[in-house]
Every structure is written in structure tokens, then in C-alpha cells.
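Below: the structure, in C-alpha cells.
Note: hydrogens, waters and symmetry copies are ignored here, and every other heavy atom, side chains too, is used. We count ligands from 1, going down the list as the structure has it; atoms in each ligand are counted the same way. Quick note: residue numbers are just sequence positions, from 1.
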Amino acid sequence: MKHKFDFVTETLEKIKSRNLYRKLHDNRVQGPYILFKKKKLINLCSNDYLGLGSSKIPNLQLQSSSRLVAGNDFSFSILEKKLADHKSQESALIFPTGYMANLGSIPVLAQKGDLILSDELNHASIIEACRISDAKISVYKHNDAENLKKKIRQKADRKFIVTEGIFSMNGDFADLKRISEIADKNNAILVLDDAHGLILLFYY
Ligand SMILES: Cc1ncc(COP(=O)(O)O)c(C=O)c1O
């Protein structure tokens, strides 16, 4: 049987074969300038090519536009590495808000033919993210493993269980032990929004 994450590698390979793969290029973004192959160039694909954004605040480091388009200031990569280490993960990707993190991840993973099992008390941003995916959505009773077990029997190409870690409205904990067991048994991918469970402690 295929591993449940094989589709990610396969999809990335397809994107690469069509020359559509985009990756971040670490750089030092300095107002209107960018360092490229050790040369200081005017960055005409930023939103700050006149340098007005940083002129009043000396030494302020600014990412003046899209990280993919205008060069990725390496301070972001340093932060992402720290976040990944903190969560014992291979890598991390920063989004500006929790809403955008859900919108930028759930519909990318869950496609037509897939099934999303979503806790009924999930945050509105998760609900929106599920809705804009092409997957079928099945809402299970709050934190109810038995109800989840029933709903996950439906046929689908891939299955995703989406839950919060600590629920934003009630403050209760998802039963992650049982939910991850159900995910494993059904070859489903568990997507966890841990906005209220994450504690960040960085020491410099
Ligand atoms: C669990 C959860 N996910 C996502 C969000 C959305 O986060 P943001 O307000 O940063 O868009 C919230 C907001 O409270 C939340 O509680």
C-alpha cells in the first residue's frame, strides 16, 4: 500500500516536470535593494522600490513584498528553522495569520475525491478552508471518537481529519491519542490547528 504522504511527493514531481515549482531564495532585502550573487541591485519586483518604507527607521529590516517574488529575507528562514526545531519538525512555514495558515494548507492538501472529517467545533477559519477545497466535508460530533470512526468509513481517495488541539471556544483538549489512532488505522492524514496549544519559548 502507498504511504499516505506519497501524493505530496508525486504532486511536487508533476509541478517540477512542468517547470512550475517555486521555491524561496534566501536573500538580504534592504528597502529598495537586494543582494544578488554578491551584487547590490535595485529590487524592482518589491513594493518598495523607492525605499520609502524603511527610510524613516534606520537599520530596520523589511520584507517589502512577496517572499517568492521579491527575494526572501533570510531572517524568515532563521525564524522558520527555530520554529521547526521547537516543534521537532523537519521544516516550518510562516503565515501572516492563523486564518491564512488554514486557507493556505487545507485546500492545498485536500482535493476533489478526498474526504475531510472536521470536528463540529472547529474554528471558522478551518470551516472556510474546508469549504474552499474540492473535497467532501463530513462534520463529526465534537471530540467524539466513536462518531469519527463511523464517518471515516466513507469511501474517498484520501482522508483528512482536521481538529484543533485545544478548542478556542471551549478550552477543552482534543482527544489526540484516539484521533491519531483512528487516523493511522484508516491511512488518514491528521491536520492539527494548535493555535491555542503552542507555547513559544525562544532564548537568545
Ligand atoms: C484555532 C484557531 N485557528 C485559527 C484562528 C485564526 O487566527 P487569526 O485570527 O490569526 O487569523 C484562530 C483565532 O482565534 C483560532 O482560534
Side-chain angles (χ1 to χ4, degrees), residues 4-5 8 22 24 29 47 53 60-70 72-73 75-111 114-149 151-152 156 158-184 186 188-202:
K4 61 184 171 184
F5 284 113
V8 176
R22 301 176 77 193
L24 293 166
V29 180
N47 293 333
L60 182 72
Q61 200 57 52
L62 286 176
Q63 175 75 38
S64 54
S65 179
S66 154
R67 295 170 67 190
L68 275 165
V69 175
N72 179 45
D73 194 282
S75 47
F76 288 102
S77 303
I78 294 169
L79 175 59
E80 284 171 340
K81 172 86 181 66
K82 278 184 188 285
L83 288 168
D85 288 349
H86 176 70
K87 295 297 286 178
S88 308
Q89 296 300 315
E90 201 176 310
S91 60
L93 185 64
I94 308 167
F95 288 84
T97 66
Y99 176 69
M100 291 175 118
N102 284 324
L103 251 61
S105 55
I106 295 169
V108 173
L109 292 167
Q111 307 276 321
D114 296 346
L115 174 69
I116 299 176
L117 297 129
S118 175
D119 187 289
E120 69 177 335
L121 290 194
N122 274 343
H123 188 262
S125 61
I126 301 178
I127 297 170
E128 287 301 314
C130 295
R131 280 188 188 147
I132 65 165
S133 82
D134 286 326
K136 182 179 173 194
I137 303 160
S138 184
V139 177
Y140 63 90
K141 285 188 193 149
H142 176 53
N143 220 358
D144 185 331
E146 291 311 311
N147 191 240
L148 172 61
K149 266 193 205 164
K151 302 226 163 183
I152 208 169
R158 273 177 292 275
K159 296 176 186 179
F160 297 85
I161 303 172
V162 188
T163 181
E164 294 184 34
I166 296 177
F167 283 86
S168 45
M169 292 297 149
N170 297 21
D172 57 334
F173 288 62
D175 188 351
L176 287 178
K177 189 171 179 299
R178 289 199 70 199
I179 293 173
S180 50
E181 279 165 9
I182 296 170
D184 285 347
N186 291 276
I189 291 170
L190 177 59
V191 179
L192 178 66
D193 178 340
D194 209 18
H196 297 271
L198 178 66
I199 299 169
L200 288 176
L201 292 171
F202 290 147

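The side-chain contact (heavy atoms from CB on, under 4.5 Å) search around I127 returns R131, not counting sequence neighbours. Not counting sequence neighbours, the partners of S168 by the side-chain contact (heavy atoms from CB on, under 4.5 Å) test are H123, E164, H196. Every residue meeting the side-chain contact (heavy atoms from CB on, under 4.5 Å) condition with D184, not counting sequence neighbours, appears here in chain and number order: K4.
Environment of CZ in F173: sparse, with no more than 12 heavy atoms of neighbouring residues, nucleotides or ligands closer than 6.0 Å.
Closest approach of L121 and F167 over heavy atoms only: O-CD2, 3.8 Å.
A salt bridge does not link E146 with K151: every distance from a Lys NZ or Arg NE/NH1/NH2 to an Asp or Glu carboxylate oxygen is 4.0 Å or more.
Protein residues with any heavy atom under 4.0 Å from ligand 1: T97, G98, Y99, N102, H123, S125, E164, S168, D193, A195, H196.
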